[in-house]
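Heads up, the thing below is written out as structure tokens.
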Amino acid sequence: MKFGVIVFPGSNCDADCKWAAEELNQSVEYIWHDSNKSALNKYDVIIVPGGFSYGDYLRSGAIARFARVMDGMKDFSEKKGKYVIGICNGFQILLEAGILPGAMLVNKNLKFICKYINLSVENTDTPFTNKFAKGQVIKVPIAHQEGNYFTDDKGLNGLIKNDQIAFRYCDAKGNINEATNPNGSVYGIAGITNKRGNVLGMMPHPERAMSVQLGSTDGRLVFESIVNYIKKA
């Protein structure tokens, strides 16, 4: 099993994601943004990390989607036995590239938010969540200014119908309402998958919730789920 972590100019969570995979004793390498599409073939899992790709001066992820390495990401995500996880800016890049549906807006309070939040695990039948219990409340940090996930009614109904919603913002008891939604995301969505279920995008940072010293170990289960799923496949 081999992990790859894409590095764009401005990525600042690449080392954290590499460390998270190494914590699970997995082989992992960096993938430079200027790599050609054939460079992706040797990996089983590709992580698109958080940060501020190309400074995010135009719109988060809008420039990164045109990076050379992204030429092969759509094909990679459609191959059997290949998995992609986009975290924070990585999620935004996957949206901009059309690999995941929807768009990301500025937080409803127009401010950067950096804090621990609670998530409800909505779907445990994915490669990224199979180590969780359905409805489990987990504690993972967010750090973003454009985390306000949006899709229209048709798109939202499609996500619900196809069980593509992986995580929603909630309180410590699992209640989901406007007060528990930190950024205004539609339906309190914090993470979604594609229809095939092999691509996950999520705004919270599981790689920052890998140990007690970081304040939570709940993020570890995302990475353990991937390893568990591939081993059983």
Side-chain angles (χ1 to χ4, degrees), residues 1 3 16-17 19-26 44-45 47 50 81-88 90-91 94 100-102 115-144 147 149 151 156-183 185-233:
M1 192 181 311
F3 282 68
D16 295 344
C17 290
W19 170 77
E22 290 170 341
E23 276 288 290
L24 273 60
N25 298 313
Q26 299 303 308
D44 301 295
V45 182
I47 302 175
K82 302 294 186 181
Y83 306 90
V84 179
I85 174 171
I87 301 169
C88 198
F91 185 13
L94 295 179
L100 287 172
K115 66 178 182 178
Y116 266 96
I117 48 82
N118 295 300
L119 299 175
S120 171
V121 181
E122 298 293 295
N123 182 2
T124 57
D125 190 25
T126 83
F128 314 97
T129 56
N130 59 80
K131 297 284 283 185
F132 293 100
K134 188 172 177 60
Q136 182 178 348
V137 177
I138 63 174
K139 182 181 170 186
V140 183
I142 56 172
H144 58 246
Y149 177 78
T151 184
L156 177 59
N157 289 334
L159 292 176
I160 295 171
K161 180 183 178 182
N162 297 319
D163 286 331
Q164 290 177 247
I165 300 172
F167 302 105
R168 295 173 72 192
Y169 300 107
C170 68
D171 65 17
K173 294 182 179 180
N175 299 309
I176 298 172
N177 52 52
E178 187 175 353
T180 66
N181 186 340
N183 49 37
S185 292
V186 64
Y187 202 57
I189 288 175
I192 61 170
T193 68
N194 61 347
K195 279 187 179 179
R196 295 179 63 219
N198 67 314
V199 179
L200 170 72
M202 61 186 296
M203 287 311 295
H205 287 265
E207 80 281 10
R208 296 183 186 177
M210 292 284 292
S211 71
V212 174
Q213 288 80 6
L214 293 173
S216 173
T217 60
D218 292 341
R220 192 180 186 92
L221 290 178
V222 173
F223 298 97
E224 289 183 352
S225 290
I226 300 171
V227 174
N228 179 57
Y229 188 89
I230 294 177
K231 283 183 176 178
K232 289 184 175 180

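The two residues N177 and A179 come nearest to each other via the heavy atoms OD1-N, 2.9 Å. Here the shortest heavy-atom pairing between G50 and H205 reads CA-CE1, 4.4 Å. Taking both residues in full, the closest heavy atoms of S185 and G147 are given as OG-O, 2.9 Å, listed atom of the first, atom of the second, then distance. Of all heavy-atom pairs between Y116 and V140, the closest is CD2-C, 3.6 Å. I87 approaches C17 most closely through the heavy-atom pair CD1-SG, 4.0 Å. Residues S216 and K139 approach most closely at OG-O, 2.7 Å, considering heavy atoms.
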For L24 and F3, what are the C-alpha separation, side-chain angles and deciding distance, and is it a side-chain contact (heavy atoms from CB on, under 4.5 Å)?
-> CA-CA 11 Å; L24 273 60; F3 282 68; over 6 Å; no
Yes or no on side-chain contact (heavy atoms from CB on, under 4.5 Å) for T126 and L200, after CA distance, side-chain angles and deciding distance?
-> CA-CA 9 Å; T126 83; L200 170 72; over 6 Å; no
Please lay out, stage by stage, how T217 and V212 fare under the test side-chain contact (heavy atoms from CB on, under 4.5 Å).
-> CA-CA 6 Å; T217 60; V212 174; 4.0 Å; yes
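The main-chain N or O of K195 is never found under 3.5 Å from a side-chain atom of N162 such that the two would form a donor-acceptor pair. Side chain of Q213 to main chain of S211: no donor-acceptor pair is present (N/O by atom type, distance under 3.5 Å, no hydrogens or angles).
The CD1 atom of I230 sits 9.0 Å away from the NZ atom of K82 when rounded to the nearest 0.5 Å. Atom-to-atom distance recorded for D16:CG and I47:CD1 is 10.5 Å, nearest 0.5 angstrom. Rounding to the nearest 0.5 angstrom, the gap separating the OH atom in Y149 from the CG atom in L159 is 4.5 Å. Atoms CG and OG1, on L119 and T129 in that order, are 12.0 Å from each other to the nearest 0.5 Å. Distance check: I165 CD1 to T193 OG1 gives 9.5 Å after rounding to the nearest 0.5 Å. Taking CG of D44 as the start and CD1 of I226 as the end, the distance is 11.0 Å to the nearest 0.5 Å.
Pairs engaging residues 208-227 under the ring pair (Phe, Tyr, Trp, His ring centres under 6.0 Å) rule: none recorded [sequence neighbours left out].
In this structure, the side chains of V222 and F132 come closer than 4.5 Å at one or more pairs of heavy atoms. Looking only at side-chain heavy atoms (C-beta outward), P141 and L214 stay at 4.5 Å or farther from each other. With contacts defined as side-chain heavy-atom distances shorter than 4.5 Å, the pair P204/F167 does not qualify. Side-chain contact between V45 and F128: absent, with no pair of heavy atoms (C-beta onward) separated by less than 4.5 Å. Contact check for L156 versus I189: side-chain heavy atoms found under the 4.5 Å cut-off.
The side chain to side chain donor-acceptor pair (under 3.5 Å) test applied to N228 returns N130, not counting sequence neighbours. Under the side chain to side chain contact (heavy atoms under 4.5 Å, CB included) criterion, K173 pairs with D171, N175, sequence neighbours left out. With sequence neighbours excluded, the residues satisfying ring-ring contact (aromatic ring centres under 6.0 Å, His included) with Y83 are Y229. In this structure, the side chain to side chain contact (heavy atoms under 4.5 Å, CB included) partners of E23, at least two apart in sequence or on a different chain, are W19, M210, R220. In this structure, the side chain to side chain contact (heavy atoms under 4.5 Å, CB included) partners of S120, at least two apart in sequence or on a different chain, are E122, C170, I176.
Remark: D125 CG is loosely packed, at most 12 non-hydrogen atoms of other residues, nucleotides or ligands lying under 6.0 Å away.
With I117 as the fixed residue, the side-chain contact (heavy atoms from CB on, under 4.5 Å) test singles out one of I142, I138, N183, T180: I142.
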